[in-house]
Amino acid sequence: MLQFDPNIPGLMEGEVTGVAVIDPQPFKYGVGNHVVDPNKPFELKIEWTIFGQLVPLWLSALEGEWDVSAYAESLGKGPEKRLGTAKVKTTEAEELEDKTKPNLKKYTVTIKVPEKTLPPHDPGSDVGGIYKLVTAVFLNSKIAGVLGFDLVGYSEGPIIQVEEPH
């Protein structure tokens with residue numbers, strides 16, 4: 001599920017366009033999957049876009065940094081925790097051309113998740129080692145007492161399995 005707020009069609013819109021699990025040692029054929037070794041770090045590559053007629057005005061009023069956070073929610077017994085966070089300056093956007101999306105800006109960041117962050121599957125207990133990832137991209141309004149100018153986007157998924165190698 002992808003969400004972005006505010007969503008004012010034509011004026012201010014956005015979407016979290018991708019959350020990719022990057023395995024530092026992918027499958028021998030170069031293809032990674034959503035099974036993560038708990039003894040090795042991995043990365044999450046997060047991408048989002050904003051677009052609309054008001055983007056230049058909105059960003060100039062909120063100039064600062066996006067606060068990007070990734071969370072894991074255990075399915076079954078296990079932890080619910082933040083995996084990491086990163087900051088991205090509003091000025092670090094890639095400008096894209098799209099006639100249907102004026103003022104299209106794309107942001108990308110990588111969050112590094114350290115080894116031993118999530119417990120693996122444990123066949124002898126209720127710990128399944130399966131986690132749903134949730135990502136938030138947040139740009140805080142600097143206008144005192146006004147919440148309506150914040151920008152926030154969410155992405156729910158993917159789901160990963162943390163598994164000890166055999």
Side-chain angles (χ1 to χ4, degrees), residues 1-7 12-50 59 62-94 105-142 145-166:
M1 174 167 77
L2 303 174
Q3 301 174 2
F4 212 91
D5 182 60
N7 185 14
M12 175 54 75
E13 298 179 72
E15 53 190 339
V16 178
T17 56
V19 177
V21 179
I22 310 296
D23 188 341
Q25 295 182 325
F27 185 60
K28 68 180 179 178
Y29 298 107
V31 178
N33 62 23
H34 290 165
V35 178
V36 175
D37 181 344
N39 304 306
K40 295 189 170 134
F42 65 95
E43 298 176 343
L44 299 171
K45 182 178 179 185
I46 296 120
E47 296 178 342
W48 69 101
T49 59
I50 58 173
L59 288 182
L62 300 179
E63 192 164 343
E65 293 181 320
W66 291 92
D67 180 359
V68 183
S69 295
Y71 301 87
E73 178 181 7
S74 177
L75 302 178
K77 188 175 181 183
E80 295 178 4
K81 64 191 305 181
R82 184 185 334 211
L83 297 176
T85 191
K87 301 283 188 185
V88 178
K89 292 182 188 215
T90 57
T91 56
E92 293 178 0
E94 179 183 352
K105 297 186 180 295
K106 177 182 174 185
Y107 295 91
T108 304
V109 70
T110 300
I111 292 177
K112 298 178 187 307
V113 181
E115 66 274 356
K116 304 206 182 297
T117 297
L118 297 170
H121 171 71
D122 180 359
S125 75
D126 289 338
V127 176
I130 299 174
Y131 301 89
K132 177 171 58 175
L133 305 184
V134 174
T135 304
V137 297
F138 178 68
L139 185 58
N140 195 13
S141 170
K142 303 290 187 222
V146 179
L147 290 177
F149 290 105
D150 294 338
L151 291 175
V152 65
Y154 301 99
S155 175
E156 190 175 35
I159 295 175
I160 62 171
Q161 170 114 13
V162 179
E163 182 75 31
E164 290 282 355
H166 291 67

Within-4.5 Å side-chain heavy-atom neighbours: [X] and [Y]:
X    : Y    : answer
I111 : I46  : yes
L118 : I160 : yes
H34  : P158 : yes
P41  : V113 : no
L139 : D150 : no

Once rounded to the nearest 0.5 Å, what's the spacing between atom [atom1] of [X] and atom [atom2] of [Y]?
X    : Y   : atom1 : atom2 : result
E92  : E65 : CD    : CD    : 8.0 Å
R82  : Y71 : CZ    : OH    : 4.0 Å
K116 : K40 : NZ    : NZ    : 11.0 Å
L59  : T91 : CG    : OG1   : 9.5 Å

Report task. Salt-bridge test for K132 and E156: reply yes if a basic N is under 4.0 Å from a carboxylate O, no otherwise. Result ->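 Looking at K132 and E156, the cut-off is met.
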Requested in this report: May I ask you to check whether S155 and T135 show a side-chain donor-acceptor distance below 3.5 Å?
Outcome: no
Query raised in the report: Just by modelled atom types, is the V134 backbone N or O under 3.5 Å from a matching donor or acceptor in the Y154 side chain?
Result: no
Query raised in the report: Hey, does the side chain of H121 reach the backbone of E163 with a donor-acceptor pair shorter than 3.5 angstrom?
Result: no
Query raised in the report: So, do Y107 and W66 have ring centers that fall under 6.0 Å from each other?
Result: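 Yes, ring centres under 6.0 Å apart.
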Report task. Go through E43 and K45 one step at a time and tell me if the salt bridge (Lys or Arg N to Asp or Glu O under 4.0 Å) criterion holds. Result -> CA-CA 6 Å; E43 298 176 343; K45 182 178 179 185; over 6 Å; no
